[in-house]
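Take a look at the structure below.
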Amino acid sequence: MIQRIAVIGGGPAGLTFARVLHRHGHSVTILERDSAPDARPPGGTLDLHEGMGQIALEKAGLLAEFQALSRPEGQAMRILDADGTVLRDWKPRPGEQANPEIDRGQLRDLLLGPLDVQWGRGVTEVVPRTRDGVLVHFADGRQETFDLVVGADGAWSRVRPAVSSVTPHYTGITMVETSLDDVDTRHPDIARLIGDGSMAVYGVNRNLVAQRNSGGHVKVHARFRAPLDWHTNLDRHLGLNRRAGMDAGLDAGLDLADVEAVRSSLLALFDGWAAPVLDLLRHGTAFVHRPLYVLPVPHTWAHVPGVTLLGDAAHLMSPLGVGANLAMLEGAELAETVAAAPDPGDLDKAVRAFEEQMWARAGRWAKITMAGLERLVSSDPTQAIALFDEVQPS
């Protein structure tokens with residue numbers, strides 16, 4: 001019997017699920033709210049792990065193509081002190097393929113391949129257990145029913161409420177992202193500072209991380225502990241008047257859309273750090289506020305026939321390089337599970353078993369990444385360096 005299967009979300013999890021199903025000869029409807037693949041910037045770079053993301057690509061028959069696109073040199077990691085002193089400078093061995101980098105846009109295009117995505121299909125609600133199956137409501141007022149709906153639509157999933165009432169909560173750590181283009185030509189000193197991969201500087205309850213993407217593009221992340229509304233009163237929440245001798249009146253708040261005001265505030269927050277490090281902020285082209293949210297650990301739910309979740313929709317966790325890898329591996333595993341189920345009854349049992357396996361693994365990783373984030377944005381910066389030494393010994 002042909003199953004009507006839909007995956008909501010065209011990110012790494014949803015596309016991996018669809019691509020592996022396609023390889024097994026099964027059709028799947030891919031519903032993505034973006035109007036086109038290039039409707040918005042695809043994001044930064046991802047390191048795909050041998051034991052997770054690369055396994056998923058192998059299941060999709062795409063590992064060789066990934067290896068041709070990826071940047072093994074991007075695994076390099078350099079840690080500096082706030083005064084600019086190099087504390088760690090790790091470089092991958094020749095042929096090292098444990099965690100090569102690939103731009104999100106390149107990965108998306110690789111996974112898309114022959115898949116047919118329905119762009120501009122924003123989902124507003126998913127209703128299980130209807131007479132005809134799982135009912136999907138769209139933003140344009142249309143409705144469709146499916147036998148299985150897979151929610152791979154990220155942190156603020158519209159599918160999640162069909163199985164769980166839980167919503168993400170703020171970690172107490174926020175991030176402001178900026179970027180630099182054509183860094184090797186326009187900012188050669190910054191390019192040398194970063195090296196071939198990533199560079200990080202850790203201070204008290206704050207850090208700056210710069211990471212190369214392809215084509216001379218660099219993403220810069222400023223992370224710091226602060227209330228969610230930190231920008232409404234910089235003196236009260238961050239103490240910038242007292243710390244950096246800024247002008248009075250910061251209680252008026254910061255307009256996060258004002259590029260120069262955000263730049264000035266970040267430079268004040270990291271006041272006293274080495275000038276070459278602060279150049280990462282001085283030359284940033286725009287600033288995006290990204291508070292860090294997570295789902296409770298563990299996040300499980302009573303199984304709902306016809307609906308399941310993948311990736312951030314199922315287990316949003318701290319951004320320490322694991323989330324996308326887990327999401328892709330889950331997508332591949334669920335696809336193989338679906339492909340192996342001969343009839344609707346078996347499909348539901350198989351999905352239920354998949355969820356149990358996903359919850360156990362994701363719960364372990366969520367605890368690890370949350371503990372890691374606590375050490376990376378800590379009152380004791382040596383904790384971040386110790387974590388690096390544990391994960392990647394010198």
Side-chain angles (χ1 to χ4, degrees), residues 7-21 43 46-60 98-99 104 107 111 126 148-171 173 292-338 348-376 387 391:
V7 59
I8 314 298
L15 291 180
T16 302
F17 170 74
R19 192 63 190 267
V20 174
L21 264 185
L46 293 170
D47 58 322
L48 294 192
H49 303 179
E50 275 184 321
M52 284 191 276
Q54 291 185 53
I55 289 178
L57 289 173
E58 186 173 21
K59 290 177 182 293
N99 306 292
R104 281 181 176 267
L107 178 63
L111 289 168
V126 172
L148 175 64
V149 172
V150 178
D153 50 342
W156 305 102
S157 170
R158 295 302 182 92
V159 182
R160 188 191 299 124
V163 299
S164 170
S165 62
V166 171
T167 57
H169 63 269
Y170 179 52
T171 61
I173 297 171
L292 301 185
Y293 287 84
V294 295
L295 282 167
V297 182
H299 176 229
T300 63
W301 54 88
H303 174 73
V304 175
V307 184
T308 193
L309 305 174
L310 294 173
D312 287 350
H315 48 67
L316 178 66
M317 60 184 68
S318 304
L320 266 67
V322 177
N325 278 277
L326 266 182
M328 291 176 65
L329 182 59
E330 291 164 2
E333 290 175 343
L334 179 59
E336 291 183 335
T337 294
V338 169
D348 187 62
K349 292 175 184 177
V351 171
R352 188 193 300 255
F354 162 80
E355 289 173 339
E356 295 283 351
Q357 176 182 309
M358 175 180 64
W359 294 334
R361 181 172 56 200
R364 292 192 299 271
W365 277 110
K367 290 178 182 178
I368 291 170
T369 55
M370 193 66 237
L373 183 65
E374 291 293 324
R375 295 175 69 180
L376 292 178
L387 178 61
V391 175

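Note that the structure is predicted; figures quoted are calculated from it, not measured. In what follows, every heavy atom counts, from backbone to side chain, and hydrogens, waters and symmetry copies are set aside.
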Separation between OG1 (T171) and CG (L292), nearest 0.5 Å, reads 4.5 Å
Residue set satisfying salt bridge (charged side-chain N to carboxylate O under 4.0 Å, His left out) with R158, at least two apart, ordered chain then number -> none
Does a side-chain heavy-atom distance below 4.5 Å link P168 with R160?
yes
Practice prompt. Could you please spell out the steps behind the side chain to side chain contact (heavy atoms under 4.5 Å, CB included) verdict for V163 and T308?
Written response: CA-CA 8 Å; V163 299; T308 193; over 6 Å; no
- Item | Non-hydrogen side-chain atoms of M52 and W365 separated by less than 4.5 Å | yes
Contacts of A98 meeting side-chain contact (heavy atoms from CB on, under 4.5 Å) (sequence neighbours excluded), chain-then-number -> E50, Q75, E96
Checklist entry - Got a donor-acceptor contact below 3.5 angstrom from the H49 side chain to the G321 backbone? => result yes
Taken in chain and number order and not counting sequence neighbours, the residues that satisfy side chain to side chain donor-acceptor pair (under 3.5 Å) with S164 are H299
Here the side-chain hydrogen bond (donor to acceptor under 3.5 Å, both in side chains) pairs for residues 7-20, sequence neighbours left out, are none
Interatomic distance, CE@M317 vs CD1@I368, rounded to 0.5 Å, equals 9.5 Å
Those residues at least two apart in sequence (or on a different chain) that pass salt bridge (charged side-chain N to carboxylate O under 4.0 Å, His left out) with E374 are R225
For D153, the side chain to side chain donor-acceptor pair (under 3.5 Å) test, sequence neighbours excluded, returns S157
Are side-chain heavy atoms of H315 and L326 found at a separation under 4.5 Å? yes
The side-chain contact (heavy atoms from CB on, under 4.5 Å) partners of A327 (sequence neighbours excluded) come to A13
Residues passing the side chain to side chain donor-acceptor pair (under 3.5 Å) test with E333, sequence neighbours excluded, are Q357, R361
Contact between V150 and L310 at the side-chain level, heavy atoms closer than 4.5 Å - yes or no? yes
Contacts of L320 meeting side-chain contact (heavy atoms from CB on, under 4.5 Å) (sequence neighbours excluded), chain-then-number -> S318, T369, L373, L376
Residue set satisfying side-chain contact (heavy atoms from CB on, under 4.5 Å) with A335, at least two apart, ordered chain then number -> F17, V20, L21
Quiz item: Are L48 and L107 close enough, and set up right, to give a side chain to side chain contact (heavy atoms under 4.5 Å, CB included), and what steps lead you there?
Solution: CA-CA 10 Å; L48 294 192; L107 178 63; 4.1 Å; yes
Residue set satisfying side chain to side chain donor-acceptor pair (under 3.5 Å) with W301, at least two apart, ordered chain then number -> E355
**Asked** So do P12 and R104 actually touch side chain to side chain, heavy atoms under 4.5 Å?
**Response** yes
Residue pairs passing the ring-ring contact (aromatic ring centres under 6.0 Å, His included) test with at least one member in residues 149-169, sequence neighbours excluded, are W156-Y293
So, the side chain of N99 versus the backbone of D47: is there a donor-acceptor pair under 3.5 Å, distance only? no
